Amino acid sequence: MTLSSVSSTLSRRPGIRLGLLLAAPLTWLVLVYVVALAALLVTAFWTIDSFTNELERTFTLDNIREITGQALYRTVTLRTIGVALLVTLIDCLIALPVGFYMAKVASRRSRHLLVIAFLMPLWASYLVKALAWRSLLSNGGLLDWAGGLFGLGTPGFGLTAIVLTQAYIWLPYVILPVYAAYERVPDSLLDAAGDLGARPALTFRTVVLPLVVPGLVAGSIFAFSLTMGDYITVNIVGGANQMLGNLVYINSGSNLPLAAAIALIPIFVIMIYLALVRRTGALENL
């Protein structure tokens, strides 16, 4: 088959062109993500021989019973979900007014500068940002010094530090989709609401917010899922607190099946979160 005949065939069959175009990324996605996730699911039902420390590939529910029966895992799961929800709420509350200002109030030049400002933290290493917050939160750090001027101190290392650090790290992932959602809101709708006598608060609640919800949902999915799986921030600023990501990391070297079983918890929680979000209908408008 000559090159011209191949080109002619592809020009007449857009479905084949699309399939060839998507073949490489879909193959990579299946091999790296789907197969790896399936292997994780299978590993969770294996066990480790207590004498030889060798992996036994025999089906067992011991790991599932352990993570569902021990209070430690329930406590850490609730703590992780609580931190993820709080980080998501903080980022959404910041993204709503900031995104509106960027899209509808700021000049074109200021808008571009703000977009660059929120993109710049993504260029820095995750580890650098976490260590920077450790420096800010430490005794004698900037927050300790600034708080001392008002009789306050640094919150130190713990859950508060985890929430502050992760809310900062994931904020661009929430602001950018919210900003994009505001960009798609026609200015004529705001003008029409004002002409009909609606106050700004009423206009935002009844006209703008319903149109921005899909972008807000997209950002919340990023913030929630990334927080659920994080373990580096907790190790750096979390003090003695543990989250699910830490338990997976700690057990991955000594008991891989138990680590895999623990990893199923955030996967299950995120699936529930996506199901709840899907019921709102926001995913259909993304």
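Note that the structure is a prediction, hence the values are computed from the model and not measured.
Using a 4.5 Å cut-off on side-chain heavy atoms (C-beta onward), Tyr179 and Val115 make contact. Counting heavy atoms from C-beta on, the side chains of Leu209 and Leu96 come closer than 4.5 Å. Two residues are said to be in side-chain contact when any heavy atoms from C-beta on lie closer than 4.5 Å; Leu247 and Tyr231 fail this criterion. Between Tyr126 and Ile169, some side-chain heavy-atom pair lies under the 4.5 Å cut-off. Under the 4.5 Å side-chain criterion, counting only non-hydrogen atoms from C-beta, Arg111 is not in contact with Tyr101.
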Task: From CA spacing to verdict: side-chain hydrogen bond (donor to acceptor under 3.5 Å, both in side chains), Ser110, Ser107 - done: CA-CA 5 Å; Ser110 298; Ser107 64; 3.0 Å; yes
Task: From CA spacing to verdict: side-chain hydrogen bond (donor to acceptor under 3.5 Å, both in side chains), Trp46, Thr58 - done: CA-CA 6 Å; Trp46 292 344; Thr58 55; over 6 Å; no
- [ ] Run the numbers on Met102 and Glu183 for side-chain contact (heavy atoms from CB on, under 4.5 Å), then give the verdict.
- [x] CA-CA 9 Å; Met102 291 170 61; Glu183 281 271 272; over 6 Å; no
Open item on the list: Could you go through Leu85 and Phe224, starting from their C-alpha distance and side-chain angles, then the distance that decides it, and tell me whether this counts as side-chain contact (heavy atoms from CB on, under 4.5 Å)?
Closed with: CA-CA 6 Å; Leu85 288 175; Phe224 184 81; 3.6 Å; yes
TODO: Applying side-chain contact (heavy atoms from CB on, under 4.5 Å), run through Phe268 and Leu264 and close with a yes or a no.
DONE: CA-CA 6 Å; Phe268 181 70; Leu264 295 179; 5.9 Å; no
Open item on the list: Using the rule given for side-chain contact (heavy atoms from CB on, under 4.5 Å), can you reason through Val98 versus Phe118, listing the C-alpha separation, both sets of side-chain angles and the distance that settles it, and then say yes or no?
Closed with: CA-CA 11 Å; Val98 172; Phe118 285 112; 3.6 Å; yes
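Of all non-hydrogen atoms in Asn241 and Gly158, the two that sit nearest each other are ND2-CA, 3.5 Å. Ala117 and Pro121 make their closest contact through O-CD, 3.1 Å (heavy atoms, listed as atom of the first residue, atom of the second, distance). Here the shortest heavy-atom pairing between Cys92 and Ser220 reads SG-CB, 4.1 Å. When all heavy atoms of Gly215 and Ala181 are compared, the closest pair comes out as CA-CB, 4.0 Å. Residues Ile236 and Ala130 share a closest heavy-atom pair of CD1-CB, 3.6 Å.
A distance of 9.0 Å separates CG of Asn63 from CD1 of Ile48, quoted to the nearest 0.5 Å. Taking CH2 from Trp170 and OG1 from Thr227, the interatomic distance works out to 6.5 Å, rounded to the nearest 0.5 Å. Taken to the nearest 0.5 Å, the OH atom of Tyr182 stands 8.0 Å off from the CG atom of Leu216. To the nearest 0.5 angstrom, Asp62 atom CG is 12.0 Å from Ile67 atom CD1. To the nearest 0.5 Å, atoms CG (Leu176) and CG (Leu119) are separated by 5.0 Å. Between the CZ atom in Phe222 and the CD1 atom in Ile175 there is a gap of 14.0 Å [rounded to 0.5 Å].
If you chain together hydrophobic residues whose side chains sit under 4.5 Å apart, Leu93 and Tyr173 never meet in one group. Ile64 and Leu256 are members of different hydrophobic clusters when ILVMFWY side chains are connected at heavy-atom separations under 4.5 Å. Linking ILVMFWY residues whenever their side-chain heavy atoms come closer than 4.5 Å, directly or via other members, places Leu114 and Leu122 in the same cluster. Both Ile232 and Val237 sit in one connected hydrophobic cluster of ILVMFWY residues. Membership requires side-chain heavy atoms under 4.5 Å apart, directly or through other members. In this structure, Ile250 is not a member of the same hydrophobic cluster as Leu244, with clusters built from ILVMFWY side-chain heavy atoms closer than 4.5 Å.
Judged by distance alone, the side chain of Thr165 and the main-chain N or O of Ile162 form no donor-acceptor pair under 3.5 Å. Counting only distance, with no hydrogens or angles, the side chain of Asn251 and the backbone of Leu258 share no donor-acceptor pair below 3.5 Å. Between the side chain of Asp91 and the backbone N or O of Ala223, no donor-acceptor pair lies under 3.5 Å. Side-chain atoms of Arg79 come within 3.5 Å of backbone atoms of Gln242 as a donor-acceptor pair (strictly under, hydrogens ignored).
Here the options are Asn235, Thr233, Thr80, Asp230, the test is side-chain hydrogen bond (donor to acceptor under 3.5 Å, both in side chains), and the partner is Asn246; only Asn235 passes.
Using cut-offs of 30° and 60° on the angle between ring planes, the pair Trp133 and Tyr168 is tilted.
In this structure, a donor-acceptor pair under 3.5 Å is absent between the side chains of Ser225 and Tyr273.
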